[in-house]
Amino acid sequence: MKRQLPLALVFVFGLFMVFQYFVPHESSEWVYEFLLDWILIIGIFAVALGIWSLFRVAVDKIKTHKPNWGYSYLTLLGLFSMVVFGFTALNGESWGWYFPFAISALMAIMMIAQTMATTSQKGLYAGLTGLFALIAVVIAIFDPAWSFHFSTAEGVENPMFRAFFDHILIPCLSTMFALLAFFIASAAYRAFRARNLLASLLLIAALIVMLRFNPWLAAVYGDFGARLSNWLMNVPNMAAQRAIVIGVGLGIVATALKVILGIERGYMGKG
Amino acid sequence: MDFGLYLWTTLGAFLTLAIFSFLYKDNPFYKIAEHLVVGVSAGYFAVILWHNGLSPNLFQRLNDGNWYFLWMDSTAPWYLIPAILGIMMYTRFSKKWAWVSRWPMALYIGIATGVAIPLEMGARVNRQLFAIMERSIDWANFFGVGGFNLLDTASGLSQLIVFVGAMAALIYFFFSKEHTGLFGATAKFGIWILMIGFGASFGYTVMARISLFINRIQYIDNNWLQNGLNTGITPIEGYHAGYAVIFWLVVLIVVGYIIREIMTYLKTKEKSA
C-alpha cells in the first residue's frame with residue numbers, strides 16, 4: 001500500500017498517457033486535457049509546501065541565530081508583502097485605510113514568526129500578534145476602500161503588487177543575471193586557456209562570437225566579424241545543437257520509461 | 001515622472017547598485033537585496049500561480065456549486081478530486097502519514113512522464129532528425145550562392161558541414177562501441193564540432209549577460225538620474241555630476257573586481273607551485 005500503490009499509479013497513468021497520444025478521438029483528447037488540469041492543480045497545491053519550507057528555514061535561522069540571521073526578516077517581509085498585496089484590491093481611486101491594514105497584517109505575520117523563533121517572551125510576541133491581527137481585522141471590516149480578492153477573472157489588480165514587481169523583483173533579477181557576465185568571463189579565463197586543440201577551438205569560437213559587435217574591430221574589418229560569427233552560430237553550432245537536442249530528447253524519454261517501469265523510484269523518498 | 005514613481009525608481013537603482021557591489025566582495029547591501037528578492041519572488045510566484053492557475057482551473061469551475069454541499073452540486077464536481085489529491089500532499093507535515101503524499105505525487109509523475117514520452121520524441125528527436133535529413137546538399141552552389149563565399153550559410157558546403165557535423169557529434173555520444181578506427185576518427189570530428197558549438201553558445205551567453213549589464217546601467221542613467229532632473233530632484237547636484245559619480249563608481253567596482261580576481265589567481269598559482 002505504501003510503496004506498491006504509487007508504483008502502480010505511475011505505471012497505469014504513464015502508459016495511459018503514452019497510448020492516448022496515438023488515439024485521435026475527441027474523448028481521448030478530453031481525458032488528456034482533463035488529466036493535464038489535474039496535475040496543474042496538484043502542482044499548485046505543492047507550491048504551498050515550498051512556501052512553508054521557506055518560512056520554516058527563515059524562522060529556524062532566526063531561532064538558532066545562524067550567521068546573517070537578521071536578513072531572514074527581510075525574506076519574510078518580502079514574501080508576505082507580496083501575499084498581502086496579491087490578495088487585496090482597491091475598490092476605487094482612494095486608498096482609504098489600506099496601508100495601516102497592510103502594515104498591521106504584515107506585523108501580525110512577523111510576530112507569528114517571532115513567536116515561533118523566540119525562546120523567551122513568547123507571551124509578549126503572541127500578544128502583539130493578537131493586537132496587530134485585531135487592528136487588521138477591524139480595518140478589513142470597516143474600510144470600504146479596498147477588499148479581499150481571492151478568485152476573480154481579472155487576476156491580480158493591486159498597484160502595490162505591480163510596483164514590487166517592477167521596482168524590486170525585475171531590477172534584482174536582471175542585475176543578478178547581468179552580474180553573471182563577470183563571473184562566467186572570469187571562469188572562462190581560468191578554463192579556456194589554449195592548452196590543447198579542443199580548448200583552443202572552444203576559446204576561438206567564444207572569442208569570435210563575443211567580439212562580433214565590437215565597434216573598434218568593425219571599423220577595421222568591416223562586417224567580416226559579424227558574418228564569421230553568424231556562420232559559426234548557424235553552421236557548426238547548429239550541427240552541435242542538433243546532436244545535443246537529439247541526445248537530450250532520448251535521455252528524457254529513457255528516464256521517463258525508467259520512472260514508468262518502476263526502475264527509478266527517487267520521487268518516493270525514504271520510508 | 002511623479003515623486004512616488006521617482007522614489008520607487010530610486011529603490012530599484014539602490015537594489016541594482018547593491019547587487020553590483022558583490023563584484024567587489026560580499027557585503028550587507030548585497031545581502032539585503034539578496035534576501036529581499038528571495039522572499040519577493042517566492043511571494044510573487046505563489047500569488048500568480050493562485051490567480052492564473054488555481055483560480056481559473058479549480059475555483060471558477062466549482063463556482064456554481066454551494067459550499068454547504070462541499071461544491072458537489074457544481075457542474076464539474078470531478079475537479080474536487082485533484083483538489084483532494086493536492087490537499088493530500090500536506091500529509092508530509094506528519095511523519096506518520098507522510099506516505100499518503102506519495103499518491104498524488106505518483107499520479108503527477110505518472111501523467112507528466114507519460115505526456116513527456118511522445119511529446120519529447122516528436123518535438124526534439126523526430127523534428128531534429130527530419131531537419132537533418134530533409135535538406136539535400138546544394139552541389140550547384142557548393143562554395144556559395146551566386147559566387148565564392150565560404151561564410152554563406154546557404155551554401156552546399158555549409159549544408160554538408162551541418163549534416164556531417166551532426167552525424168559525427170551523435171557518433172561521439174555513442175559509447176556502446178569503442179572509439180577506434182574510422183568510428184573513432186568520426187567521433188573525434190564530432191567532439192571538434194561540439195567544442196565549437198559550446199564555445200559559440202558560451203560567447204552568445206556572455207554577450208546576452210553584457211546586454212543585461214548595459215540595460216542596468218541605462219536604467220540607472222535614464223530612469224533614475226535623468227528622470228531625477230525632470231522632476232526637479234537632482235540627487236547629486238545635477239545630472240552630469242550624478243552621472244559621473246555613478247559611472248566612476250561602476251568603473252571602480254569592475255576594476256577592483258578584476259584586480260582581486262587576478263591577485264586570487266596568482267596566489268593560488270603560487271601555492272600550487
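Quick caveat, the model's predicted, so the values are computed rather than measured. All chains are named by letter (A, B, ...) in the order of the sequence lines, taking the proteins before the strands, and each is independently numbered beginning at 1.
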In terms of heavy-atom pairs under 4.5 Å with chain B, the winner among A/F13, A/W38, A/F161 is A/W38
Side chain, backbone, both or neither of B/I84 within contact of chain A (heavy atoms, under 4.5 Å): neither
Does OH belonging to B/Y90 count more than 12 external heavy atoms closer than 6.0 Å? yes
At a heavy-atom distance under 4.5 Å, which candidate from A/M210, A/M238, A/R227, A/H167 has the highest pair count against chain B? A/H167
Interface check, chain A: of B/I32, B/I111, B/I117, most non-hydrogen pairs under 4.5 Å belong to B/I111
Mind ranking A/L179, A/V47, A/V83 by heavy-atom pairs under 4.5 Å with chain B and telling me who comes out on top? A/L179
Within the side chain of A/E264, is there an N or O that forms a donor-acceptor pair under 3.5 Å with the backbone of A/G266? yes
Can you tell me which of B/V38, B/L107, B/I109 forms the most heavy-atom pairs within a distance under 4.5 Å of chain A? B/L107
Do B/I161 and A/W231 touch side chain to side chain, with heavy atoms closer than 4.5 Å? yes
Taking everything shown except B/F173 itself, do over 12 heavy atoms lie less than 6.0 Å from its CZ? yes
Is there a side-chain contact between B/F198 and A/L201 in this structure, where contact means two heavy atoms from C-beta onward sitting under 4.5 Å apart? no
For chain A, the option from B/R61, B/K95, B/R127 that forms the most heavy-atom pairs under 4.5 Å: B/R61
For the interface with chain B, which of A/L79, A/L40, A/L35 has the highest count of heavy-atom pairs at distances below 4.5 Å? A/L79
If I measure from the heavy atoms of chain B, does A/S81 come under 4.5 Å with its side chain, its backbone, both, or neither? neither
Check whether any side-chain heavy atom of A/L202 sits under 4.5 Å from a side-chain heavy atom of A/L198, and report yes or no. no
Check each atom of B/N126 against the heavy atoms of chain A and say whether the ones under 4.5 Å are side chain, backbone, both or neither. neither
Contact between B/F189 and B/Y172 at the side-chain level, heavy atoms closer than 4.5 Å - yes or no? no
Under a 3.5 Å threshold, yes or no: a donor from one side chain and an acceptor from the other, between B/S158 and B/S155? yes
Side chain, backbone, both or neither: which part of A/L257 has a non-hydrogen atom closer than 4.5 Å to chain B? both
Which atoms of A/Y73 come close to chain B, meaning under 4.5 Å heavy atom to heavy atom: side chain ones, backbone ones, both, or neither? neither
Which one of B/N215, B/N52, B/I87 has the most heavy-atom pairs closer than 4.5 Å to chain A? B/I87
Answer with side chain, backbone, both or neither: which region of A/I51 has an atom nearer than 4.5 Å to a non-hydrogen atom of chain B? side chain
If you count heavy-atom pairs under 4.5 Å between each of B/S55, B/A18, B/G165, B/P56 and chain A, which one has the most? B/S55
In terms of heavy-atom proximity below 4.5 Å to chain B, should A/I44 be classed as side chain, backbone, both, or neither? side chain
Under a 4.5 Å cutoff for heavy-atom pairs, which residue among A/F16, A/F85, A/F34, A/F224 has the most contacts with chain B? A/F34
Where on A/F165 is there a heavy atom nearer than 4.5 Å to chain B: the side chain, the backbone, both, or neither? side chain
Pairwise distance CG(A/L76) to CD1(A/I62) - rounded to 0.5 angstrom: 5.5 Å
Given the side-chain rings of B/H51 and A/F150, with only the six-membered ring counted for Trp, is the space between their centroids under 6.0 Å? no
Go through the atoms of A/I252 and report whether side chain, backbone, both or neither lie under 4.5 Å from a heavy atom of chain B. side chain
Using non-hydrogen atoms only, which part of B/Y30 is less than 4.5 Å away from chain A: side chain, backbone, both, or neither? side chain
Within-4.5 Å side-chain heavy-atom neighbours: A/W52 and B/F93: yes
Could you check which of B/F45, B/Y219, B/W78 has the highest count of heavy-atom pairs closer than 4.5 Å to chain A? B/W78
Under 4.5 Å from any heavy atom of chain B, what part of A/L77 do you find: side chain, backbone, both or neither? neither
Check each atom of A/V245 against the heavy atoms of chain B and say whether the ones under 4.5 Å are side chain, backbone, both or neither. both
Would you say the rings of B/F59 and B/W50 are close, in the sense that their centroids are separated by under 6.0 Å? yes
Can you tell which part of A/L54 gets under 4.5 Å to a heavy atom of chain B, answering side chain, backbone, both or neither? side chain
Side chain from CB out, backbone as N, CA, C, O: work out which of these in A/N234 comes under 4.5 Å of a heavy atom of chain B, or both, or neither. both
I'd like to check A/Y32 versus A/Y21 (side-chain heavy atoms, cut-off strictly below 4.5 Å). Are they in contact? no
Could you tell me which of A/L169, A/L197, A/L9 has the largest number of non-hydrogen atom pairs under 4.5 Å with chain B? A/L169
With a 4.5 angstrom heavy-atom cut-off, which part of A/V18 approaches chain B: side chain, backbone, both or neither? both
Test applied, side chain to side chain contact (heavy atoms under 4.5 Å, CB included); reference residue, B/M167; option that passes from B/I193, B/I132, B/T186: B/I132
At a 4.5 Å cut-off on heavy atoms, which part of B/N149 comes close to chain A: side chain, backbone, both, or neither? side chain
Close side-chain approach of B/Y108 to A/Y267, heavy-atom, < 4.5 Å: no
Any side-chain heavy-atom pair of B/F213 and B/F20 under 4.5 Å: yes
